[in-house]
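Shown next, in structure tokens, is the structure this report addresses.
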Amino acid sequence: MADKLLQIQKLSAGIGDKTILHDVSLEINPGEIHVLMGPNGAGKSTLGYTLMGSPEYSVSGGHIFFDGEDITSYSADKRAKAGIFLSFQEPLEVPGISLESFIRSSMQQVSGQKIKLFSFQKELEKAMDILNMNHSYAGRDLNVGFSGGEKKKSEILQLLMLKPKLAILDETDSGLDVDAVRTVSKGIEEYQKSVGGSLLIITHSTRILESLHVDRTHVMVKGHLVHSGDGTLVNEINENGFDKFIPAEIKDAERRERLAAAAKAAMESVKANAANGGL
């Protein structure tokens, strides 16, 4: 294994002609927990999807190295086989395939080996017990009819079973009540304890972090990684928000955008009044 599990070097990416990430650089060592925070629309989820190789997002500059290999051009399935896992902010429903079948198939695809049914089911039940999941969910269609909390547990169940080297958790705690957050956190703890994997946790809330040791915290604004610090930065953000970390040039650009939008709205209002005879 390389000294650095994940190395992001001056990564720029976006959708079509729209660039969302701008020269993002970040490193994660084996076993570390990193937290990515920032205002809405900062580009946090875009970074997660780009690292996972989502075809919706294209890289326009920079490189992604994982476990010593340049994976910038790798497809999502090849990245999964290398050991990267992404939990979705809004997990998809997949009718026609059970949760159990999906996980077993995913494990076989990642490992390239046939998974024995009996041992798999025993391991699955053990993981479901950690997450307080009723075993009957294993036979249900993937996420179909699941509550928001059950869908998030389903994602963490996959994490426990697939045992990736790096798990990217995108707003895993969003929409969860206190008990569900505690259960999901327990699953994340178990993953790190049993696998020793690294985590990149994308979140607005810090409830999911309470039982975890955070090594590094990063702040993203408008697609720029504007500040990084240790785990105590989470508490500082909770107390004071993001404003102090936003560079003056980004604030100026936002101010110009607001003024331009206001001027455009005023001009459209004048045109509409003129078209209606000034009424």
Side-chain angles (χ1 to χ4, degrees), residues 1-9 11 21 24-38 42-52 64-68 71 79-80 82-89 91 127 130-131 152-153 155-174 176 178 180-221 225-239 242 245:
M1 179 182 287
D3 291 339
K4 305 292 183 182
L5 181 64
L6 177 71
Q7 292 176 286
I8 306 171
Q9 299 179 349
L11 182 68
L21 301 178
V24 174
S25 294
L26 187 153
E27 293 182 345
I28 299 179
N29 294 321
E32 287 186 339
I33 296 179
H34 287 231
V35 175
L36 181 62
M37 305 182 76
K44 303 183 298 297
S45 293
T46 296
L47 178 60
Y49 282 110
T50 302
L51 292 176
M52 193 66 240
I64 304 168
F65 290 89
F66 184 72
D67 211 6
I71 64 167
R79 296 185 196 204
I84 302 178
F85 173 91
L86 172 67
S87 76
F88 294 99
Q89 186 173 343
I130 292 171
L131 297 170
K152 296 301 177 71
K153 287 183 181 181
E155 293 281 287
I156 301 303
L157 180 64
Q158 294 168 46
L159 169 65
L160 291 173
M161 295 297 290
L162 288 168
K163 302 177 177 62
K165 297 175 185 175
L166 171 67
I168 304 166
L169 308 184
D170 186 11
E171 301 285 357
T172 299
D173 53 349
S174 65
L176 299 184
V178 174
V181 169
R182 189 176 294 114
T183 299
V184 166
S185 295
K186 184 179 178 183
I188 296 170
E189 276 188 278
E190 178 63 28
Y191 157 72
Q192 203 184 37
K193 183 174 70 175
S194 61
V195 180
S198 301
L199 286 155
L200 176 59
I201 301 175
I202 300 169
T203 185
H204 284 290
S205 170
T206 57
R207 294 180 302 167
I208 201 170
L209 307 175
E210 291 175 359
S211 59
L212 301 172
H213 172 74
V214 176
D215 295 288
R216 298 289 291 170
T217 306
H218 310 279
V219 179
M220 179 170 279
V221 178
L225 209 57
V226 298
H227 192 78
S228 294
D230 60 21
T232 61
L233 182 57
V234 171
N235 297 326
E236 187 176 345
I237 291 170
N238 278 339
E239 293 176 7
F242 298 108
F245 303 112

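Since this is a predicted model, take the numbers as computed values, not measurements.
- Partners of His218 according to the side chain to side chain donor-acceptor pair (under 3.5 Å) rule, which considers only residues two or more places apart in sequence or in another chain, are His34, Ser228.
- Looking at residues two or more places apart in sequence or on another chain, you find a side chain to side chain contact (heavy atoms under 4.5 Å, CB included) between Val226 and Val219, Val221, His224, Phe245, Pro247, Ile250.
- In this structure Asn235 satisfies the side chain to side chain donor-acceptor pair (under 3.5 Å) test with no other residue, sequence neighbours excluded.
- With a 4.5 Å cut-off on side-chain heavy atoms, Leu233 and His227 count as touching.
- For Phe88, there are no ring-ring contact (aromatic ring centres under 6.0 Å, His included) partners two or more places apart in sequence or in a different chain.
- Distance alone, capped at 3.5 Å, places no donor-acceptor pair between the Lys152 side chain and the Val181 backbone.
- Under a 3.5 Å cut-off, the side chain of Tyr191 and the backbone N or O of Pro164 do form a donor-acceptor pair.
- Annotation: salt bridge (Lys or Arg N to Asp or Glu O under 4.0 Å) contacts of Glu236 (sequence neighbours excluded): Lys244.
- Evaluation of the side chain to side chain contact (heavy atoms under 4.5 Å, CB included) rule for Thr183 yields Leu131, Asn132, Lys153 as partners, not counting sequence neighbours.
- When atom types are taken as modelled, the side chain of Thr217 and the backbone of Asp230 share a donor-acceptor pair closer than 3.5 angstrom.
- For Glu190, the salt bridge (Lys or Arg N to Asp or Glu O under 4.0 Å) criterion is met by Lys193, not counting sequence neighbours.
- Evaluation of the side chain to side chain donor-acceptor pair (under 3.5 Å) rule for Ser25 yields no partner, not counting sequence neighbours.
- The closest donor-acceptor contact from the side chain of Lys44 to the backbone of Met220 lies at 3.5 Å or more, if one exists at all.
- Applying the side chain to side chain donor-acceptor pair (under 3.5 Å) criterion to Ser198, with sequence neighbours excluded, gives no partner residue.
- With sequence neighbours excluded, the residues satisfying side chain to side chain contact (heavy atoms under 4.5 Å, CB included) with Ala82 are Phe66.
- Judged purely by atom type and a 3.5 angstrom limit, Glu189 has no side-chain atom pairing as donor or acceptor with the backbone of Leu212.
- For Ala127, the side chain to side chain contact (heavy atoms under 4.5 Å, CB included) criterion is met by Leu157, Leu160, Met161, not counting sequence neighbours.
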